[in-house]
Amino acid sequence: MAATWATLSIGSTFSFLPRAAAMQQPQPVGVKLATSNTFTSFCRLKAATWVNCEMESSFLGRESNSAPRHSFAQRAQKQKVWSPQYRVQPQASFKVAILGAAGGIGQPLSLLIKMSPLVSTLYLYDIAAHVKGVAADLSHCNTPSQVLGFTGTSQLANSLKRVDVVVITAGVTAKPGMTRADLFSINAIIVKTLVEAVADNCPGALIHMISNPVNSTVPIAAEVMKQKGVYDPKKLFGITTLDVVLVNTFVAQKKNLKVVDVDVPVVGGHDGITILPLLSKTRPSVSFTDEEVLELTVRIQNAGLEVVEAKAGAGSATLSMAYAEARFLESSLRALDGDESVYECSFVQSDVTDLPFFASRVKLGKKGVEAVISSELQGLTEFEQKALLALKPELKASIEKGVTFVQKQAAA
Amino acid sequence: MKTTAEANQRIARIAAHLHPTNFQMEESSSLRPANCRSKGAGPGFKVAILGAAGGIGQPLSMLMKMNPLVSVLHLYDVVNTLGVMADISHMDTGAVVRGFLGQQQLENALTGMDLVIIPAGVPRKPGMTRDDLFNINAGIVKTLCEGIAKYCPKAIVNLISNPVNSTVPIAAEVFRKSGTYDPRRLLGVTMLDVVRANTFVAEVLNIDPREVNVPVIGGHAGVTILPLLSQVKPPSTFTREETEYLTTRIQNGGTEVVEAKAGAGSATLSMAYAAVKFAEACLRGLSGDAGVIECAFVDSQVTELPFFATKVRLGRNGVEEIFPLGPLNEYERAGLEKAKEELAASIQKGVAFIRK
């Protein structure tokens with residue numbers, strides 16, 4: 001098991017450096033690359049590849065690798081701890097705030113982030129008072145990050161002091177029969193209030209927007225930040241990683257591949273037909289029949305509803321969402337720390353289409369979004385081109401809904 | 001808005017995806033389970049979680065799905081399993097997940113399993129002790145263990161349901177009755193006390209909590225939890241006040257969280273974290289790793305009590321070796337006597353529940 005993962009460890013991806021170097025040319029948008037295997041130098045955060053990294057860059061940590069070879073190395077590592085002088089030394093030390101930490105996504109997400117060696121401080125905020133209980137619970141885990149709970153609007157500012165990343169999961173969740181757009185009226189107000197506080201207290205932080213409908217809440221956040229004069233488009237992300245995770249899982253099942261090897265980009269937005277998996281760009285390259293493409297695309301677009309219905313009123317996807325966001329957060333933190341080859345799909349302000357916001361592959365860096373990889377949107381199949389045209393009107397409408405909401409509130 | 005017929009169709013499709021034995025789903029043959037075998041389920045262990053939809057069960061299931069040692073993950077509960085299963089099945093890691101809902105599916109959930117983790121049961125509310133949960137949880141544990149005895153008697157059992165001091169003896173009695181009892185394969189999970197001890201000691205010593213290792217012996221409730229601070233790694237000394245503060249805090253760690261959550265439950269996330277740490281140690285032992293040593297509440301002869309938590313070495317058959325208590329200082333010796341008293345009563349209560 002360990003042997004196969006060894007080939008995927010971060011060390012080996014540097015062997016594709018020539019292409020990575022080409023990517024780092026100072027032309028972030030519109031870089032054209034010949035082959036379809038352009039992104040072999042990703043640091044793809046699948047659980048297996050994390051585990052195999054000798055450096056502790058994941059919340060799975062050193063201990064969770066199974067191979068005797070690795071546990072031997074781990075024990076050798078443990079030997080050297082008996083030196084007299086050692087203090088808490090997380091590998092990097094970032095502060096993360098989770099707004100909505102006591103909710104269905106917030107709780108498992110807080111657990112995963114608490115386990116990450118890249119985080120030094122974790123602030124949990126929620127209007128529900130039992131977020132303090134969640135913080136007390138997590139504070140017992142023996143990982144180096146410190147966790148503090150905050151509740152009530154008066155404490156919102158305190159939970160954002162000097163924070164590097166803010167994750168917004170607050171809001172209501174879909175019930176059977178609802179689409180993400182139906183959540184708009186309630187979640188729009190919540191998101192606006194929270195982003196105002198972010199703008200006042202930590203304007204330089206990265207914002208990870210999970211609250212649905214992401215197609216609208218990200219524009220809302222942008223407008224709020226613009227009104228406060230602190231808008232940085234490189235630092236605002238709508239989280240679409242769950243769609244990537246989903247498509248990887250479904251493609252691996254369909255094509256009988258090892259799921260850890262599969263990577264498919266997902267573009268567009270984060271609701272219904274605005275989710276467009278680019279199956280023609282799958283790594284490793286596989287071919288799909290037309291029926292398979294249609295079936296997989298429809299399945300991914302409705303996967304969120306699949307879970308809402310399976311849970312029959314008990315909520316929407318929480319655990320898989322927490323997992324996906326934890327992966328994206330770790331990518332962001334590694335990029336903030338100086339890692340040069342971090343690529344993830346995300347819904348950001350973008351020039352790749354005529355829409356103001358669009359999800360596609362981006363390169364993450366110290367300042368947030370360093371480059372939008374527009375080359376991925378070239379060479380699409382007919383199906384994908386048609387789907388792209390079809391999704392634009394709906395995405396445009398959702399974006400405008402968000403923008404208008406904020407502008408009306410400002411005028412009121 | 002979707003019609004009911006469409007919704008039913010979708011639910012049927014999901015059900016077909018979730019229950020591979022349902023051969024009535026013919027309409028989308030390409031989605032049939034036989035065609036959807038993900039290759040990631042390679043060498044690894046089959047793990048079942050009984051109580052997977054609960055407060056501990058859900059984060060526990062998420063973490064186990066991420067663990068590379070797990071090839072098959074069975075989620076069983078009496079409510080909500082299908083939803084949790086649909087959620088977790090979307091994660092792009094190698095383990096194959098299946099959901100089982102209701103007692104009639106317990107057999108399918110357990111057949112062929114290597115490791116069974118049991119967080120099932122009700123949690124404490126403020127003011128309750130773990131013992132107050134006894135009546136409900138005893139019945140639940142009894143039923144589940146009867147299932148294990150029938151369908152996977154050779155599996156390693158990690159028992160989390162409180163009060164562990166009583167549920168482990170209950171499990172042992174159930175297995176004894178069915179003639180499948182292997183004392184090496186039944187472990188009460190006390191890992192959370194170890195995790196808490198490591199965290200609190202690290203706070204006091206101002207070092208990285210991942211580097212601290214405190215052995216915790218005895219049981220898993222109140223004064224039966226006995227941290228051996230004199231044996232801490234890295235070797236450190238504590239003043240009398242520090243020892244008392246730490247011991248009390250570790251013993252009441254669970255209550256601390258129950259109070260902080262003010263009725264919303266007990267420790268779930270830290271328990272899931274600890275349970276996964278321990279389950280993984282069991283799996284590493286099963287796969288043949290040497291030197292896997294953790295504390296657990298097991299059938300033991302180190303004291304005159306039939307069950308006691310100490311450091312154990314885990315291996316291919318579960319518990320391979322039980323370590324003696326080691327040198328105790330005065331404070332710990334006194335604590336040990338108190339712990340044994342209460343523990344004896346709890347164990348007896350569990351045994352009596354079955355034998356009556």
Side-chain angles (χ1 to χ4, degrees), chain A residues 1 46-48 51 60 63-66 68 71 75 81-82 86-89 107-108 110-111 115 129-130 132-134 136-144 177 242 245-246 248-249 252-254 256-260 262 291-292 295 303 306-307 309-312 314 317-320 322-323, chain B residues 1-2 7 10-11 14 30 36-40 42-43 58-59 61-62 66-69 80 82-94 192 195-196 198-199 202 206-212 234 253 256-257 260-262 264 267-270 272-273 277 280 283-284 287 289 291:
Chain A
M1 232 177 0
K46 294 291 180 69
V51 166
L60 289 179
E63 301 165 305
S64 43
N65 186 297
S66 60
S71 65
R75 244 176 289 128
V81 204
W82 292 47
Y86 45 92
R87 291 280 172 262
V88 180
Q89 277 165 11
Q107 287 201 33
S110 307
L111 172 59
M115 289 162 66
H130 74 267
K132 297 241 174 176
V134 175
D137 191 352
L138 285 176
S139 69
H140 290 177
C141 296
N142 61 328
T143 60
L242 181 53
V245 163
L246 279 166
N248 292 350
T249 308
Q253 276 172 3
K254 202 52 184 297
N256 214 10
L257 298 166
K258 262 195 150 139
V259 72
V260 79
V262 178
E291 295 86 47
E292 285 174 340
E295 188 192 301
E306 196 178 295
V307 178
E309 267 161 40
K311 287 200 172 185
T318 50
L319 303 172
S320 46
Y323 165 81
Chain B
M1 294 299 277
K2 311 257 189 263
R10 273 212 309 281
I11 291 176
I14 297 167
S30 47
C36 291
R37 195 64 68 220
S38 159
K39 241 200 198 151
Q58 288 201 35
S61 306
M62 176 183 71
M66 289 161 57
N67 195 308
L69 283 169
N80 294 338
L82 297 188
V84 176
M85 209 243 89
D87 192 350
I88 291 191
S89 69
H90 289 170
M91 290 164 59
D92 58 352
T93 60
L192 184 50
V195 163
R196 285 182 180 136
N198 293 350
T199 307
N206 202 17
I207 55 180
D208 190 332
R210 292 168 296 182
E211 312 295 359
V212 178
E256 195 178 299
V257 179
K261 285 199 172 185
T268 50
L269 303 172
S270 47
Y273 169 81
K277 261 179 102 136
E280 183 169 321
L283 293 180
R284 276 187 292 132
S287 62
D289 274 23

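Naming: A, B, ... by sequence-line order, numbering from 1 per chain.
The candidate from Glu291(A), Lys311(A), His130(A) with the greatest count of non-hydrogen atom pairs under 4.5 Å with chain B is Lys311(A). Between chain B and the residues Ala136(A), Cys141(A), Ser110(A), Pro108(A), the most heavy-atom pairs under 4.5 angstrom are made by Cys141(A).
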Step by step, work out the side chain to side chain contact (heavy atoms under 4.5 Å, CB included) result for Asp137(A) and Thr268(B).
CA-CA 7 Å; Asp137(A) 191 352; Thr268(B) 50; 3.4 Å; yes

Would you check, one step at a time, whether the test side chain to side chain contact (heavy atoms under 4.5 Å, CB included) holds for Tyr273(B) with Asn142(A)?
CA-CA 10 Å; Tyr273(B) 169 81; Asn142(A) 61 328; 3.1 Å; yes

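The two residues His140(A) and Gly253(B) have their closest heavy-atom pair at CE1-O, 3.2 Å. For the residue pair Leu319(A) and Met91(B), the shortest heavy atom distance occurs at O-SD, 4.4 Å. Heavy-atom minimum distance, Gly133(A) versus Val257(B): O-CG1, 4.1 Å.
Under the side-chain hydrogen bond (donor to acceptor under 3.5 Å, both in side chains) criterion, Ser320(A) pairs with Asp87(B), sequence neighbours left out. Legend: residues meeting side-chain hydrogen bond (donor to acceptor under 3.5 Å, both in side chains) with Thr199(B), ordered by chain and number and at least two apart, are absent.
For the pair Gln107(A)/Gln58(B), no side-chain contact is recorded, criterion being any heavy-atom separation below 4.5 Å from C-beta on. Tyr323(A) is listed as a side-chain neighbour of Asp92(B), based on a closest heavy-atom distance under 4.5 Å.
Using a 4.5 Å cut-off between heavy atoms, Ala312(A) does not touch chain B at all. At a 4.5 Å heavy-atom cutoff, the contact between Ala264(B) and chain A is made by side-chain atoms alone.
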